[in-house]
Amino acid sequence: MPKEGRTQAISTEETTIFTNANVLTVDDAFSEAEAIAIRGNRILAVGSNGEVRTVAGKNAAVIDMQGKTVLPGFIDAHAHVISGAVADDVMEYVGMNSYATVDDVLQQIAQRASETPAGEWLVFRNFDPAVQEGAETLTFSDLDPISSEHPIFVLNASGHIAYANSKAFEVSGITNDVSDPPGGEFVRDAEGNLTGMMKNNVAFIQIAENYPEMKKVEPVDALLRLLENWAQYGLTTVSELSLGVLKHPPGDVQIMTEAAQSGRMKARIRAYPFYTLGAEAWDRADVMQGNGNALARIAGYKLVADGSNQGFTGWQREPYLGSDNRGLRYMEPDEMTAAALERAGKGWHLAIHGNGDAAIDNILDTFQALVDAGVDMSRVRPRIEHCSILHDDQIARMKKLGVSASFLIGHVYYWGIAMRDKVFGEEKAQLLDRCRSAEKAGIRFTLHSDFMVTDPNPLHMIEMAVTRRTWKEPDYVLAPQETISVETAIRAMTSEAAWQLFSDHELGSLEPGKLADLVILEQDPRDVRQDEIKNIRILETWMDGRQVYSA
């Protein structure tokens with residue numbers, strides 16, 4: 001990893017003043033100011049026009065903002081930028097924003113098969129039968145009739161489920177006697193035969209890794225292109241919550257390092273090594289928390305308790321609606337606790353994925369075991385990823401244990417109706433992404449995209465949390481008691497996200513001494529209709545003291 005210090009060239013220590021602005025600092029008091037100055041890649045001063053001009057001196061460049069709003073650069077606390085950048089390059093999108101039904105998706109796959117030479121792979125992403133009307137899964141019976149000559153692989157939007165045709169299994173050398181990997185499953189029918197559906201990446205990676213294009217793509221270039229594209233959303237810090245999934249350690253670390261040393265980074269990265277590779281592999285690669293610099297750094301360690309609620313693999317206290325299925329444990333409780341104790345004992349911050357309420361019970365038991373073992377939880381700074389279904393008793397436990405939450409707020413918007421009608425029923429769906437309840441309890445939380453699950457648009461995520469309206473029924477508000485204020489939602493995508501990523505000393509608010517990451521908006525999100533927040537124009541994005549995007 002790159003060492004601490006600047007790795008992107010700043011030509012000179014130029015000073016720039018933004019005057020006549022509506023500066024929302026997102027400091028502890030959510031202070032407002034009318035000017036901000038940056039020198040080099042740091043914030044020099046924040047305050048009134050006169051105060052900032054005095055500090056900046058006579059030779060500073062002055063930009064009149066004419067009342068535009070300035071915020072800290074947005075931070076996506078849970079995304080998958082390294083693996084996602086490659087997948088974005090080599091997988092075709094067949095998600096709900098373009099294809100309303102399962103039949104539409106199958107027709108698109110068939111169209112691609114008709115125009116692609118025999119033997120070449122057909123690979124797709126973001127399919128989701130939870131919201132795309134039609135069959136609830138894809139199997140050999142759906143995909144084999146499309147082609148017996150093309151390997152076909154389809155990734156579910158959740159990232160936890162995939163589907164393939166018989167040809168893909170054949171060329172990957174996977175036969176009917178394949179064993180399920182720990183925490184994963186090759187789904188079988190009542191007769192014990194493979195169906196083509198796979199649960200968890202430890203299963204479906206055995207097929208995906210044989211896709212030739214995955215090996216041809218230049219991952220550093222793909223990552224840099226992705227970050228450049230995301231600058232239009234005002235994102236200045238992003239994350240990788242499954243480091244090592246693309247290339248085993250230290251491969252993914254090298255990708256991140258080369259990007260940071262390229263001088264072309266347009267957003268910072270905070271990364272979490274993934275548990276499935278084993279702690280020993282990371283230790284052998286000398287990957288430790290804090291490795292890196294302000295552009296690219298190892299932030300913590302990632303464990304996974306269960307799967308996806310909309311994919312019916314989240315681990316539940318009670319069965320899913322109309323079934324006897326309670327989901328899937330990706331890690332057994334004792335295994336998860338042992339891994340957490342080992343990592344925390346070596347000073348690691350822990351982020352544990354939990355969607356179902358039973359999975360969250362197991363995660364909280366693990367964190368209790370850390371407390372009982374005398375672990376300093378302020379160093380662990382434990383967080384639950386997605387933290388989807390929360391009961392009052394769990395909220396109380398989170399507060400007691402000092403656990404924060406990172407909510408995939410797109411669950412409410414995109415899957416809210418499915419959660420109500422197909423997954424849980426209306427009563428339990430009220431427990432989804434309980435932002436207001438967490439805030440009332442004094443639990444810190446963030447909002448995230450989980451890219452590629454949803455698009456990384458911070459203003460849309462803010463709107464989702466503020467309105468809790470749903471995509472399929474725009475007038476329906478899921479759990480209106482869980483709506484939050486615009487200011488709280490902004491914090492969740494700036495200062496709180498910086499805190500979760502152990503970067504609050506340098507990012508997340510506009511205060512002197514912090515890194516000069518900021519976004520300029522045409523309007524103040526607090527001053528527009530709540531259902532128009534996503535439409536606010538982002539005029540400029542600045543990262544590390546440089547303008548990296550201009551509308």
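Computed from a prediction, not measured in an experiment: that's the story for all the values here.
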Hey, is Lys472 close enough to Glu133 for a salt bridge, meaning N to O under 4.0 Å?
->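 The answer is yes: the pair qualifies as a salt bridge.
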
Below 4.0 angstrom, N of the basic side chain to O of the carboxylate: do Asp392 and Arg434 qualify?
->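 Salt bridge: yes.
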
I'd like to know if the side chain of [X] reaches the main chain of [Y], judged simply by a donor and an acceptor atom lying under 3.5 Å from each other, with no hydrogens or angles considered.
{"X": "Asn325", "Y": "Tyr320", "answer": "no"}
{"X": "His386", "Y": "Asn355", "answer": "no"}
{"X": "His150", "Y": "Thr116", "answer": "yes"}
{"X": "Lys302", "Y": "Leu241", "answer": "yes"}
{"X": "Asp357", "Y": "His391", "answer": "no"}
{"X": "Glu463", "Y": "Lys534", "answer": "yes"}
{"X": "Glu342", "Y": "Ala338", "answer": "no"}
{"X": "Arg468", "Y": "Pro480", "answer": "no"}
{"X": "Thr467", "Y": "Asp531", "answer": "no"}
{"X": "Asn126", "Y": "Met96", "answer": "no"}

Candidate pair Gln107 and Gln111, rule side chain to side chain donor-acceptor pair (under 3.5 Å), full reasoning | CA-CA 6 Å; Gln107 289 174 20; Gln111 176 65 32; over 6 Å; no

Aromatic centroids of Tyr233 and Phe74 separated by under 6.0 Å |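 Ring centroids of Phe74 and Tyr233 are no less than 6.0 Å from each other.
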
What do you reckon, are the aromatic ring centroids of Tyr211 and Phe153 less than 6.0 Å apart?
->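 Tyr211 vs Phe153: aromatic centres not under 6.0 Å.
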
Start with the C-alpha distance between Arg225 and Glu228, add both sets of side-chain angles, then the distance that settles salt bridge (Lys or Arg N to Asp or Glu O under 4.0 Å), and finish with yes or no.
-> CA-CA 5 Å; Arg225 283 194 301 272; Glu228 181 175 14; over 6 Å; no

Atom pair [atom1] ([X]) and [atom2] ([Y]), whose distance is rounded to the nearest 0.5 Å:
{"X": "His460", "Y": "Tyr413", "atom1": "NE2", "atom2": "OH", "answer": "4.0 Å"}
{"X": "Leu431", "Y": "Ile360", "atom1": "CG", "atom2": "CD1", "answer": "10.0 Å"}
{"X": "Ser449", "Y": "Met461", "atom1": "OG", "atom2": "CE", "answer": "5.0 Å"}
{"X": "Ile462", "Y": "Ile490", "atom1": "CD1", "atom2": "CD1", "answer": "5.0 Å"}
{"X": "Ser404", "Y": "Ile443", "atom1": "OG", "atom2": "CD1", "answer": "9.0 Å"}
{"X": "Ser166", "Y": "Ile174", "atom1": "OG", "atom2": "CD1", "answer": "12.0 Å"}

Could you tell me which non-hydrogen atom of [X] sits nearest to which non-hydrogen atom of [Y], and how far apart they are?
{"X": "Leu243", "Y": "Ile82", "result": "CD1-CD1, 3.6 Å"}
{"X": "Trp415", "Y": "Ala157", "result": "CZ2-CB, 4.1 Å"}
{"X": "Gly354", "Y": "Ala359", "result": "CA-CB, 4.5 Å"}
{"X": "Ala429", "Y": "Leu478", "result": "O-CD1, 3.9 Å"}
{"X": "Ser242", "Y": "Asp252", "result": "O-OD2, 4.2 Å"}
{"X": "Ile538", "Y": "Gly234", "result": "CD1-N, 3.7 Å"}

Would you say [X] and [Y] make side-chain contact, with heavy atoms under 4.5 Å?
{"X": "Arg270", "Y": "Gln500", "answer": "no"}
{"X": "Leu194", "Y": "Phe140", "answer": "yes"}
{"X": "Phe186", "Y": "Asp180", "answer": "yes"}
{"X": "Leu224", "Y": "Ser262", "answer": "yes"}
{"X": "Tyr549", "Y": "Lys266", "answer": "no"}
{"X": "Arg469", "Y": "Gln530", "answer": "no"}
{"X": "Glu332", "Y": "Asp334", "answer": "no"}
{"X": "Val86", "Y": "Glu213", "answer": "no"}

Does Arg420 count as lying over the ring of Tyr476, i.e. NZ or CZ under 6.0 Å from the six-ring centre, within 45 degrees of the axis?
->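 That pair qualifies as a cation-pi contact.
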
Chi angles and distances behind the side chain to side chain donor-acceptor pair (under 3.5 Å) call for Thr101, Asp103 | CA-CA 5 Å; Thr101 70; Asp103 283 345; 5.3 Å; no

Assess whether side chain to side chain donor-acceptor pair (under 3.5 Å) is satisfied between Thr366 and Thr337, documenting all intermediate values.
-> CA-CA 5 Å; Thr366 286; Thr337 297; 2.8 Å; yes

In terms of the angle between their ring planes, are His78 and His448 parallel, tilted or perpendicular, with boundaries placed at 30° and 60°?
->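 Aromatic pair His78/His448 classed parallel.
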
May I ask you to decide if the ring planes of His353 and His160 are parallel, tilted or perpendicular, using 30° and 60° as cut-offs?
->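 If you compare the ring of His353 with that of His160, the planes turn out tilted.
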
Considering residues, nucleotides and ligands other than Glu473, do more than 12 of their heavy atoms fall under 6.0 Å from its CD?
->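 Result for CD/Glu473: enclosed.
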
More than 12 foreign heavy atoms under 6.0 Å from CD of Glu136: is that the case here?
->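 No - once you tally the heavy atoms of other residues, nucleotides and ligands closer than 6.0 Å, there are 12 at most.
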
Would you check if there is a donor-acceptor pair between the side chains of Lys428 and Gln316 at a distance under 3.5 Å?
->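 The answer is yes; a qualifying pair exists.
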
What do the steps show when you test Ile363 against Leu303 for side-chain contact (heavy atoms from CB on, under 4.5 Å), and what is the final call?
-> CA-CA 10 Å; Ile363 293 169; Leu303 302 174; over 6 Å; no

Between Asn156, Thr195, Thr137, Thr139, which is the residue that forms a side-chain hydrogen bond (donor to acceptor under 3.5 Å, both in side chains) with Tyr163?
->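 Result for side-chain hydrogen bond (donor to acceptor under 3.5 Å, both in side chains) with Tyr163: Asn156.
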
Can you list the steps and then say if Val202 with Tyr330 is a side-chain contact (heavy atoms from CB on, under 4.5 Å)?
-> CA-CA 10 Å; Val202 291; Tyr330 281 15; over 6 Å; no

Run the side-chain contact (heavy atoms from CB on, under 4.5 Å) check on Val453 and Tyr414 step by step: do they pass?
-> CA-CA 10 Å; Val453 178; Tyr414 292 108; over 6 Å; no

Please walk me through it: do Ile384 and Ile352 pass side-chain contact (heavy atoms from CB on, under 4.5 Å)?
-> CA-CA 5 Å; Ile384 300 179; Ile352 307 184; 5.7 Å; no

